[in-house]
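First listed ligand is number 1; within each ligand, the first listed atom is number 1. All figures in this text were calculated on a predicted structure; none of them were measured in a lab.
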Amino acid sequence: MTAVKTVVVTGATRGIGKAIADRLGHAGWRVIGTYRREPRERGRSSPGGGAISRVPMPAFVRMDLGSDTSIAVATRAIAALAGRLDAIVNNAGTTDDGAFLAMEDGRVAALLQANLFGTIRLTESLLPLLRSRPDASIVNIASLAGVAGKEGQVPYAASKGGVIGFTKLLARRTRGTGVRANAVAPGFIATEMTRTLDDDMVRHIVHGTSLRRIGEPADVADAVMFLLGARYVNGTTIKVDGGFKR
Ligand SMILES: NC(=O)c1ccc[n+]([C@@H]2O[C@H](COP(=O)([O-])OP(=O)(O)OC[C@H]3O[C@@H](n4cnc5c(N)ncnc54)[C@H](OP(=O)(O)O)[C@@H]3O)[C@@H](O)[C@H]2O)c1
């Protein structure tokens, strides 16, 4: 009998993170999800939104990437819940678009703190829980903006480019840790993060995408599942963008 594997999925309350957590739950993983806002702040009755059916409900731990204290508290909670981990999926992230020079420093700092520094701090904090597992793996959710750049998203693109650089660094440590690390760079995926884009922009994106549709959270989950099981893949970034060319 194979042992149940345990994975932390950050930002598992909705969107891409929820799709990843659901898929892992279906596949028999024990999922520890993180959430930032309390359910009532999101207008929902439970961290998972009560929308999961026939899928084992993840255990949830509160964690705000914007707070070093919150990351430390969450790390202790995860250690107490899980003991050891087989995988981490760093999915949680946020965006704040606009002309860079018009953005206050605080906005830029908050974005970099959450997407980049918080992700690094959490990962470094959780690494000791992963070390003794030979097939352990980290998957970081970056962005096409971090691979190709995107006008109007200077701090976001920089944060996601940083996540890809951090992934490569983690991959180089494999010899010492036994932990593989890879990234997924989604293009346009239909979630709350992208729901404010106007119809013209969506048409523009679909037109520039060879598969002629926008992505779904499940499309990103496909790539995460592949990377978690791909034992000879290390330090790579998979674009999940439907063949977006612009
Ligand atoms: N959607 C896209 O087109 C797209 C494209 C490329 C990359 N991505 C990346 O994919 C990931 C998931 O995005 P999504 O589209 O699913 O976004 P989403 O629907 O806005 O969900 C974001 C998730 O991240 C959590 N989160 C946000 N800020 C956080 C913080 N400071 N600390 C802890 N958790 C935080 C949220 O928690 P709460 O619910 O508790 O607030 C939520 O679970 C992000 O890293 C995003 O940058 C998305």
Side-chain angles (χ1 to χ4, degrees), residues 8-22 31 33-49 51 58 60-71 73-75 78 88-97 107 109-123 139-150 153 155-164 166-167 183-197 201-202 205-206 209 213-221 223-224 237-242 244:
V8 170
V9 179
T10 66
T13 48
R14 56 193 163 96
I16 293 169
K18 183 172 182 300
I20 294 167
D22 284 358
V31 180
T34 77
Y35 67 101
R36 171 187 49 159
R37 293 177 299 162
E38 289 294 352
R40 64 177 176 282
E41 295 173 60
R42 296 192 306 272
R44 289 173 182 170
S45 58
S46 69
F60 272 97
V61 168
R62 191 173 194 186
M63 191 276 303
D64 183 352
L65 289 170
S67 158
D68 292 351
T69 305
S70 174
I71 290 170
V73 170
T75 300
I78 290 166
I88 304 167
V89 180
N90 283 308
N91 161 78
T94 188
T95 190
D96 189 358
D97 302 350
R107 277 173 62 188
L111 187 94
L112 290 171
Q113 169 63 39
N115 285 6
L116 183 57
F117 305 137
T119 297
I120 292 172
R121 182 171 290 279
L122 179 72
T123 307
V139 179
N140 294 325
I141 306 301
S143 170
L144 196 58
V147 175
K150 177 129 177 7
Q153 292 194 317
Y156 180 76
S159 73
K160 293 299 189 177
V163 166
I164 292 169
F166 178 56
T167 307
V184 176
F188 180 94
I189 308 296
T191 67
E192 284 181 44
M193 184 176 278
T194 50
R195 114 184 110 85
T196 53
L197 290 186
M201 180 55 77
V202 174
I205 291 164
V206 171
T209 301
R213 68 171 176 87
I214 61 172
E216 297 295 330
D219 297 321
V220 182
V224 171
T237 299
I238 295 183
K239 289 194 283 182
V240 179
D241 65 354
F244 187 71

Geometric N/O contact [X] with ligand 1, under 3.5 angstrom:
X: Ala114; result: no
X: Thr13; result: yes
X: Arg36; result: yes
X: Asp64; result: yes
X: Ser143; result: no
X: Gly187; result: yes
X: Thr194; result: no
X: Pro186; result: no

Which is closest to [atom] in terms of heavy atoms, [options]?
atom: atom 1 (N) of ligand 1; options: Thr191, Thr95, Leu111, Ile20; answer: Thr191
atom: atom 13 (O) of ligand 1; options: Met193, Glu192, Lys160, Glu38; answer: Met193
atom: atom 24 (O) of ligand 1; options: Ser70, Gly66, Ala110, Gly93; answer: Gly93
atom: atom 7 (C) of ligand 1; options: Ala142, Ala12, Gly15, Ala145; answer: Ala142
atom: atom 12 (C) of ligand 1; options: Thr119, Val240, Asn91; answer: Asn91

Who passes salt bridge (charged side-chain N to carboxylate O under 4.0 Å, His left out) against Asp97, sequence neighbours left out?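 Asp97 satisfies salt bridge (charged side-chain N to carboxylate O under 4.0 Å, His left out) with no residue once adjacent residues are dropped.
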
Return yes if some donor-acceptor pair links the side-chain N/O of Ser70 with the main-chain N/O of Asp64 below 3.5 Å, else return no.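 Side chain of Ser70 to backbone of Asp64: a pair is present.
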
How would you list, by chain and number, every residue that makes a side-chain hydrogen bond (donor to acceptor under 3.5 Å, both in side chains) with Thr75, sequence neighbours excluded?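 Not a single residue meets the side-chain hydrogen bond (donor to acceptor under 3.5 Å, both in side chains) criterion with Thr75.
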
